[in-house]
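In what follows, chains are A, B, ... by sequence order, proteins preceding strands, each numbered from 1. Only heavy atoms go into these numbers, but all of them, side chains included; no hydrogens, no water, no symmetry mates.
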Protein chains: 2
Amino acid sequence: MDKKYTIKDIAQMAGVSKGTVDRVLHNRGKVSPAALEKINEVLNVIDYEPNLIARNLKSTKIYRVCVLLPDPAFDPYWLPCVNGIQDAITEFKAYSVIIETHYFNPESTKSFLKVNETIISQSPDAVLLTPLFHKETVEIIKQYDELGIMVNTFNNQVESSSVKSFVGQDLHKSGRVAASLMNLILNKGQIAIIHIDESLKNAVHMQEKEKGFRNYFDEKELSDFSLTTLKLKYSNIETKFTAFLEENPDLSGIFITTSKAYQIASVLSLATTKKIALIGYDLIEKNVNFLNQGKVHFLIHQNQKRQAYLGVSTLVEHFLFRKEFPDTILLPIDIINSENASFYF
Amino acid sequence: MDKKYTIKDIAQMAGVSKGTVDRVLHNRGKVSPAALEKINEVLNVIDYEPNLIARNLKSTKIYRVCVLLPDPAFDPYWLPCVNGIQDAITEFKAYSVIIETHYFNPESTKSFLKVNETIISQSPDAVLLTPLFHKETVEIIKQYDELGIMVNTFNNQVESSSVKSFVGQDLHKSGRVAASLMNLILNKGQIAIIHIDESLKNAVHMQEKEKGFRNYFDEKELSDFSLTTLKLKYSNIETKFTAFLEENPDLSGIFITTSKAYQIASVLSLATTKKIALIGYDLIEKNVNFLNQGKVHFLIHQNQKRQAYLGVSTLVEHFLFRKEFPDTILLPIDIINSENASFYF
DNA sequence: ACAAAAAATGTGCTCGAACACACAAAATTT
DNA sequence: AAATTTTGTGTGTTCGAGCACATTTTTTGT
């Protein structure tokens, strides 16, 4: 039943040559109606699936995929992505695919644009983007589209019909998850939502999380809580956050929308002995240290490694195995505390 | 630099024929010292990796992998495994591998033994076992070993040097995770550890979880808690658990070590209006319903789907790509509440 | 009716590894 | 020294899809 039919088998069954079968399968034309019908009859009965191994052995076309990633040297948040990409490289090394990573400075639009130029000059078949700079990305995507270069994105979403596939998380839901955990630790009091970021490039990201977080409290009508938003930059964390702590002596919980929870935890452990519930994002080393010390209660895992892996493998599998692009891949929102953290590295 | 060398390339470089290179690569002997040295010289300089696609295209050997699984009709816990196995089948359908699933009745040792006989009569290349019945499994594994059939296990561990690889979770740690969550919901009171199982086949499983759970409370010296263990069977849940509730009016938390949390939640929602913290295992439908109703606080996800998938793919990749067996694959202990549950299906 | 063009069909080579087999060159035996 | 075995080496085929090219059949034009 599940015997694997080959083109030769089909040819034999239909009483034609494999060349004709091949032409039908790829509708290359030059086939008489009679032959077409005979072959289609056979194809309707059996269940032909081309042998992908043979196909990829034959194909001489080398696919080029470029990944555009913020340099992890600037922000360790991106470090796991490198491993995810490496996983994909290892998995597909047998095939004729070249996967290349290019870094840009996440603080510099210019750097982003420059690296994109480099990529364009290499004319790859597809690009996986981290669209940190919204406006510039839209422009760049248009360029790629005109050149027939496929574009996928991960981590950040950018609305463009040219983007085939997006890998990321539901940020609104992730805010809700944080809220539900906060609601478990505390049953009343003031909660601060803190955004820490240098530029505004993560604005959408952070806002969505905040919306989700607030949405949970609104929906559950938890009126014993009061929520405050605070925006910080690296340069002013110490002063501004310390001042905030003094102004808000009743603060009992903090939700940090970026991977910088360790910065808050650090200031907090010096400033006060009071126990404040802390929930943040990402399993970067400094965060996990505070998690293990009990200074951070929960971290939400954004699984950048898998995001990057899936971003690449979606593209590669499209080329190699003609797989359809899923519109969106949403990764689970992993809840991490000190007890299960070690399993997620 | 990362040019892919073929056997032909090596032959040319060493000034011999591809046949000789092939004999060296597979040490089939019949090679003169002179030729051997020339080829080894080339191999030392370049970085030869055989093209797995070509190798698998040529090979006519069809690998047979059998999976031995408790029938999901008896316990929906096993349902996701079917999907995991299906994923593996889809992924490897291009290769010459046959993956077959055989079910047994988890309540019947006889059924287990009978299915094993069927499998042995098919003489597969490898078997993935769910070793529910410890004593019988050890015996069976010995048989497989003598027949040269590889054995991997998942879900349950069984100490045997013949088992190449095990996929599962660290149950002790998973008990600790449950404890840490319980400690977050409650800050004092009586906690019941409830084991629900028909036979004793899951005894080790449940005990390890209990040990981990207790270990957490011991280690953190949380003396405001008192822990009680209760063993139930399906037939006596209603009566015995109701009685337990009456005898223990101060009960504030329950940890259920199997996937049967819904049975406790069900009785609980009828017997009392008091809020009792409930933590259980597995995203089976009934559990998730109670999770969404707020009657179960957390579920720990044992990810049987991925367990089964990895169990199969480890075997297949060993045959197809000569991959080494990892001794143990421990899956992360996913913490699930009503907010993030939907992402794990 | 016959040549030329067009359409349809078949043949044969390629990809890289694996292995059977043929053949040659040494190493033994008689 | 000739016959035979052993050892070494190269050649050729296979796997299945894909595609170029050769060949056959049909159609069209004069």
Q: Ignoring hydrogens and angles, answer whether the base of D:dG18 and the side-chain atoms of A:K18 contain a donor-acceptor pair closer than 3.5 Å.
A: yes
Q: Assuming nearest nucleotide by heavy-atom distance, tell me which of A:L36 and B:N51 is located more 5' along DNA chain C.
A: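 The residue mapped nearer the 5' terminus is A:L36.
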Q: Take A:Y5 and A:Y48 through the test ring-ring contact (aromatic ring centres under 6.0 Å, His included) and record every step on the way to the result.
A: CA-CA 6 Å; A:Y5 293 95; A:Y48 173 70; 8.3 Å; no
Q: Does the plane of the ring in A:F325 sit parallel, tilted or perpendicular to the ring in A:H318? Use 30° and 60° as the thresholds.
A: parallel
Q: Verify the contact: side-chain N or O of A:R23 to OP1 or OP2 of C:dA8, cut-off strictly under 4.0 Å; return yes or no.
A: no
Q: Has A:T6 got a side-chain N or O lying under 4.0 Å from the OP1 or OP2 atom of D:dG16?
A: no
Q: Has B:S32 got a side-chain N or O lying under 4.0 Å from the OP1 or OP2 atom of D:dT7?
A: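 Indeed not, no polar side-chain atom of B:S32 lies that close.
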Q: To the nearest Å, give me how far apart OH (A:Y5) and C1' (D:dA17) are.
A: 18 Å
Q: side-chain hydrogen bond (donor to acceptor under 3.5 Å, both in side chains) for A:Y344 and B:D334? Distances and angles first, verdict last.
A: CA-CA 10 Å; A:Y344 288 89; B:D334 294 320; 2.4 Å; yes
Q: Whole-Å distance between C:dT9 P and A:E37 CD?
A: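 Going from CD in A:E37 over to P in C:dT9 covers 13 Å.
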Q: Could you state the OH-C1' distance from A:Y48 to D:dG18, rounded to the nearest angstrom?
A: 10 Å
Q: What contact category does A:L57 fall into here, base, sugar-phosphate, or nothing, at under 4.0 angstrom with non-hydrogen atoms?
A: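 Base contact - A:L57 has a heavy atom under 4.0 Å of at least one base atom.
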Q: If you pin B:A35 and A:H26 to their nearest nucleotides in DNA chain D, which one's is more 5'?
A: B:A35
Q: Report the nucleotide, chosen from C:dG16, D:dC19, D:dA17, that has the shortest atom-to-atom distance to any side-chain atom of A:R28.
A: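 The answer is D:dC19, which lies nearest to the side chain.
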Q: What is the distance from CD1 of B:I62 to P of D:dG16, rounded to the nearest Å?
A: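 Taking atom P of D:dG16 as the reference, CD1 of B:I62 is at 10 Å.
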Q: When the distance from CG of A:L25 to P of D:dA17 is rounded to whole Å, what number comes out?
A: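 The distance from CG of A:L25 to P of D:dA17 comes to 9 Å, rounded to the nearest Å.
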Q: Take the protein atom CD of A:Q12 and the nucleotide atom P of C:dT11, then report the distance between them rounded to whole Å.
A: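 Interatomic distance, CD of A:Q12 to P of C:dT11: 12 Å.
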Q: What orientation do A:Y95 and A:F321 show, parallel under 30°, tilted 30 to 60°, or perpendicular over 60°?
A: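 Perpendicular.
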Q: Just to be sure I understand the rule, does B:D22 reach a base, reach only the sugar-phosphate, or reach nothing, if contact means heavy atoms closer than 4.0 Å?
A: base
Q: Closest approach to the side chain of B:K58, judged atom by atom: which nucleotide of D:dG10, C:dA17, D:dG18 is it?
A: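 Looking only at side-chain atoms, B:K58 lies closest to C:dA17.
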Q: What are the two closest non-hydrogen atoms of B:L132 and B:T137, and how far apart are they?
A: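 Between these two residues, the closest heavy atoms are N-OG1, 4.3 Å.
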Q: Output the rounded distance in Å from CD1 (A:I7) to P (C:dT14).
A: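 Result: 19 Å.
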Q: Kindly point out which of C:dG10, D:dG16, D:dT14 is positioned nearest to the side chain of A:A54?
A: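 So the side chain of A:A54 is nearest to D:dG16.
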Q: Would you state whether a donor and an acceptor, one from the side chain of A:K61 and one from the base of D:dG18, lie under 3.5 Å apart?
A: no
Q: Of B:I53 and A:P33, whose nearest nucleotide on DNA chain C comes first from the 5' end?
A: A:P33
Q: Within less than 4.0 Å of OP1 or OP2 of C:dG10, is there a side-chain N or O belonging to A:T20?
A: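 For A:T20, the contact criterion (side-chain N or O under 4.0 Å from OP1 or OP2 of C:dG10) is met.
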Q: Could you check how far CG of B:L52 sits from P of C:dA17, rounded to whole Å?
A: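 Rounded to whole Å, this separation is 9 Å.
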Q: Would you call A:D9 and A:K4 a salt bridge, using N to O less than 4.0 angstrom?
A: no
